[in-house]
2 protein chains.
Amino acid sequence: MKPAGRIGVKEIAKMTNVSIATVDRVLHNRPGVSPATEKKIRAVIRKYNYQPNILARTLATRKTLKLAALIPAVSKETTYWQAPLDGIDEAENEIRQFGIAVEKYFFDLNDAQSFVRQARKILRNKADGVLLAPHFANDAETFSRQLADKQIPFVYINSDVPGQENLSYIGPHLYQSGYLGGQLADFIGGEKSTCLVVNISRIPDSYYYLLKKEEGFRAYFEGRNKVKILKTDIQKTDYPSIKKELTALLNTHKIDLIFVTNSRVFYVARFLEERGMEHIRLIGFDMIDRNIRHLEEGTIDFLISQKPREQAYRGILALYNKLIKGADVEKQCFMPIDIITKENYRFYTN
Amino acid sequence: MKPAGRIGVKEIAKMTNVSIATVDRVLHNRPGVSPATEKKIRAVIRKYNYQPNILARTLATRKTLKLAALIPAVSKETTYWQAPLDGIDEAENEIRQFGIAVEKYFFDLNDAQSFVRQARKILRNKADGVLLAPHFANDAETFSRQLADKQIPFVYINSDVPGQENLSYIGPHLYQSGYLGGQLADFIGGEKSTCLVVNISRIPDSYYYLLKKEEGFRAYFEGRNKVKILKTDIQKTDYPSIKKELTALLNTHKIDLIFVTNSRVFYVARFLEERGMEHIRLIGFDMIDRNIRHLEEGTIDFLISQKPREQAYRGILALYNKLIKGADVEKQCFMPIDIITKENYRFYTN
DNA sequence: CTGAAAGCGCTTACAG
DNA sequence: CTGAAAGCGCTTACAG
C-alpha cells in the first residue's frame, strides 16, 4: 500500500523520538509543539518528502464536508444549465465516498433577487466551500466578500468577476471564442460578405459578456477589409421581439452570415427557416437541444461550446482538492473552445 | 464518513449474528460459508443496499496492483505518442495512492517484432491489467489471446481489433472523423473544387485505418457531385519520397484542397510552403508540434484530433475501476472528434 | 464452516 | 508541551 520507500507518521515519530500525535500536530500546524521538536520533525518530513496517505486521512477524519453550488435553474428559455448540473452530480458521485456532500441552490436568470435570496440561504446553512455562477456581478461581489470574510473558499464558473478572492475561475475565454467565431465566419463566408452580429440579452444582465465576444469577432476581421459587419442588440428574449428586429434588418440589408453571441441562436435559426433564408450562414454558441436540431437541419453551421458540464465538474473537484488535500488551484482555468458541427456533435462531451 | 443511513460490515455481522470475517467471505464470494448463513447475509446486503467503503478496502488490502502499458515510442517521425504517455502518467499519479503502479513498455512503430518482444516481456513480468495500442493487428491478436487465457483484462486505445476479448476500446471513430473531414473541406472549398486525399503509410501497417478515414471523407460528398476526389497512397514516410509523389501529382492536376489522413500532414504543408502553393487548402490530423507550426502559419487550415492523452488516461482508469471496484466498463468508447484551428488550439486539451 | 484479533495509516479525544 | 489508546471500515492470517 505505502509505495516502497515511502514513510508514514509512524516512521517519522520513530526517527524523531516523539509520538505520532506530535507528528500529527506539526503536520496540521496545530499549536502545542515546542519549537525544537517541531524543527526536528519538519526536517524529517522534508528530507523524506513525506506524502500523507489521503485514504487513511479521509477514513480517520470523520468530518464530512458540505459544499454548496449556486447556479441558474434550467428554464424554458434555455436548458443550458442542465450541463453544469450534470457536472456537479458527476463530481459528487466521485467524491461522495470521501465524505463530501454537495447541496444545490438555483436562481432565476431573470431575477437578481433570487440570486441574493439563495446566497443568503447558503450563508445560513453554512458550507465549507461554494461553487457559483456569478451571473449578477454586483450581487455576486457582495456574496463573494461575505464568503471571503468567513474564509470559505469559492469558485466561479461560466463567467468571471475580476478582483475577487475567488479560489479559481473556470470557464470560457470570451474574447477568444468570439475571435474563433470570426475565423469560422471567414472560412465559410465568401469574399466580400456582410456579417450581422446579434446580441440577445436583457441589458445589462449578461450584456457585458456578449460584448466581449463581439469584440473578439470584430478583432479577427481587423485589417482584412473583406467583410462588412453590422450589429444589433435585441433586448427582449421572446421570439416575437426577435422576429421583429430581424425582419426589419433583413428587409433593409443583404446579409450573408449571422453570428449570434450566445445560446439563443436557435431563435435566429427558426426565423431563417420560417423566411426560407437558410442560405444565410449561421454561427452561434452552446450545444443545447434546440440548437442541435438546427445543426442537424443545416440551418446552423457552427456552434461554439465551452464544456459547461466540465466547468462545474472541475469546480467541485477544485474545492475538494483545496479542502481535503490542501492542494493549490489555478486561479484562472480557461476551457477549450470547441467547434461543433453536424458531423461531430454526436461524439462531443460537454 | 459513512454517509448517514449507510451500513458497514459490522452492522451486517450484528444483524445476521455472524462475525465480520464471515460477512467478508460472502462479500468476496470466497468459499467456506454455509448456504444458510450466506443467504441470510446476502439478504441483508440487498435490503440495505450495502456499498463497501473503497477507502477502507484499499487501505486494508495491502496488495498493490501492477498495470502494464504497451504503446509506440515517441520517434523523430512522430511525437504523437507523447500525449498518450502523458495520459498514462497523469492517471498513474491519481491512482498511485490507491496502490496502483503502471509499467510502460514501448515498441517501434516500424518494427512489428519490437511489439512482440515487449508483449512477451509483459507476460514474463506479470501484470494485473494491460493497456495497449494494437498497432500490428495480427501480433496484437496473439497477445490478446494470451492475456485472455490468463484472465488478465486489457484495453485497446487508438485503434481497435474487432472480435477480441478486450475489456474496452477507447479511441477514434475513424469513419466519422473522415466524414467530418469531408464536411470541413466542403465548408472551405469553393464550388466545384478538386480534392486530393493523401494516405502516407507503409502498407500494410496502419493503412487499413487510413482507408477508413478516406471512406468517410468520400461518403460525405456522395450525391453532391460538386467535388472531384483524387487520391494517392504514399508508401514511404520520408520527405523526399513524399515530395516526389506530390510534385508529380500537382504538375498534372489542379488541386484546391488536400486531405491528409494522418498526422503526417506537416510533410504536405512543408511541401506546399516550399512550392509557394499555400493557397491550396489543407486538412489533416493530430495536434503534434510540427502540425501546430503550420496551423500558426496558415498552411494547415484544420486539424482533427481525438484526445490522445485522454484515451490513455481513460484506459488506465478503466482498468483500475474494473480491478479495484469491479465496475463495469463500456466495451466501446469513441472519443470526441475535435476540430482544431489556429484560433482555438491554444486552449485545446488533448 | 466460523470467529477473535491484528493491522492498513491516519485522527481524535483524553490524560498528564 | 507530549503520549497512549481507541477508532475510521475494511482485509488477512490464524486458530479452532
Side-chain angles (χ1 to χ4, degrees), chain A residues 1-42 44-45 48 50-65 96-100 323-326, chain B residues 1-42 44-45 48 50-65 96-100 323-326:
Chain A
M1 188 56 236
K2 197 166 36 174
R6 290 221 150 297
I7 61 169
V9 284
K10 214 192 298 184
E11 284 75 22
I12 299 177
K14 204 169 300 164
M15 298 171 92
T16 49
N17 295 314
V18 298
S19 72
I20 56 170
T22 298
V23 174
D24 194 66
R25 283 184 188 98
V26 351
L27 242 23
H28 294 90
N29 304 309
R30 267 188 256 106
V33 183
S34 79
T37 76
E38 171 166 357
K39 204 176 150 206
K40 263 196 308 187
I41 294 173
R42 287 209 189 283
V44 173
I45 289 175
Y48 291 89
Y50 165 75
Q51 302 285 4
N53 181 325
I54 302 291
L55 258 59
R57 173 179 291 179
T58 310
L59 190 61
T61 315
R62 247 77 46 94
K63 179 180 52 170
T64 105
L65 289 182
R96 195 204 322 273
Q97 57 181 306
F98 301 115
I100 317 277
L323 255 18
I324 296 281
K325 303 194 193 172
Chain B
M1 187 58 236
K2 197 166 35 175
R6 291 221 150 297
I7 61 169
V9 284
K10 214 193 297 183
E11 284 75 22
I12 299 177
K14 205 170 298 164
M15 298 170 92
T16 49
N17 293 316
V18 298
S19 72
I20 57 171
T22 298
V23 173
D24 194 65
R25 284 185 187 98
V26 351
L27 242 24
H28 294 89
N29 305 308
R30 267 187 256 105
V33 183
S34 79
T37 74
E38 172 167 356
K39 203 174 148 206
K40 263 195 309 186
I41 294 172
R42 288 209 187 280
V44 173
I45 289 175
Y48 291 89
Y50 166 76
Q51 302 285 4
N53 182 326
I54 302 291
L55 257 59
R57 173 179 292 180
T58 310
L59 191 60
T61 315
R62 246 78 45 93
K63 178 179 52 170
T64 105
L65 289 183
R96 196 205 320 275
Q97 57 181 306
F98 300 114
I100 316 278
L323 255 18
I324 296 279
K325 304 195 193 171

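In what follows, every chain begins at residue 1, and chains take the letters A, B, ... in the order their sequences are listed. Please read these numbers as outputs of a predicted model, since none were measured by experiment. Computed from heavy atoms alone, side chains included, the values below leave out hydrogens, waters and symmetry copies.
The base-pairing partner of C:dG16, taking Watson-Crick or G-U wobble contacts with both distances under 3.5 Å, is D:dC1.
The nearest whole Å value for the distance from the CG atom in A:L55 to the P atom in C:dG9 is 11 Å. Atom NZ in A:K14 sits roughly 16 Å away from atom C1' in D:dG3 (whole-Å rounding). A:I41 places its CD1 atom 12 Å from the C1' atom of D:dG3, with the value rounded to the nearest Å. Here the C1' atom of nucleotide D:dG9 and the CG atom of B:L59 are 9 Å apart, to the nearest Å. Summarising the geometry, the separation between CZ on B:R25 and P on D:dT12 is reported as 12 Å, rounded to the nearest angstrom. Counting to the nearest Å, the P atom of C:dC10 and the CD1 atom of A:I324 are 15 Å from each other. The CZ-C1' distance, from B:R30 to D:dA13, rounds to 11 Å in whole Å. Put simply, CZ on B:R57 is 8 Å from C1' on D:dC10, counting in whole angstrom units.
Of the candidates C:dC10, D:dT12, C:dT12, D:dT12 carries the atom nearest the B:T61 side chain, counting heavy atoms from C-beta on. Minimum atom distance to the side chain of A:N53 is reached by C:dG9, of the listed C:dG9, D:dA4, D:dC10. Considering only side-chain atoms of A:P35, the nucleotide from C:dC10, D:dT12, D:dC1 that sits closest is D:dC1.
Regarding contacts with the backbone of D:dG7, every side-chain N or O of B:K10 stays at 4.0 angstrom or more from both OP1 and OP2. Within the 4.0 Å cut-off from OP1 or OP2 of C:dT2, not a single side-chain nitrogen or oxygen of B:T22 is found. Residue A:S34 places at least one side-chain N or O under 4.0 Å from the OP1 or OP2 atom of D:dT2. Contact annotation: B:T37 reaches the phosphate of C:dT2 (side-chain N/O to OP1 or OP2, under 4.0 Å). In terms of phosphate contacts, A:Y50 brings no side-chain nitrogen or oxygen within less than 4.0 Å of OP1 or OP2 of C:dG9.
Along DNA chain C, the nucleotide closest to B:G32 and the one closest to A:H28 are compared, and the more 5′ of them pairs with B:G32.
At least one side-chain heavy atom of B:L55 sits under 4.5 Å from a side-chain heavy atom of A:F98.
When heavy atoms are screened at a 4.0 angstrom cut-off, A:P52 is found touching the sugar-phosphate backbone but no base atom. Across all strands shown, B:I20 has heavy atoms under 4.0 Å from base atoms, whether or not it also approaches the sugar-phosphate.
Interatomic distance, B:L27 CG to B:R30 CZ, rounded to the nearest 0.5 Å: 8.5 Å. Taken from OG1 in B:T58 to CG in A:N53, the straight-line distance is 9.5 Å, to the nearest 0.5 Å.
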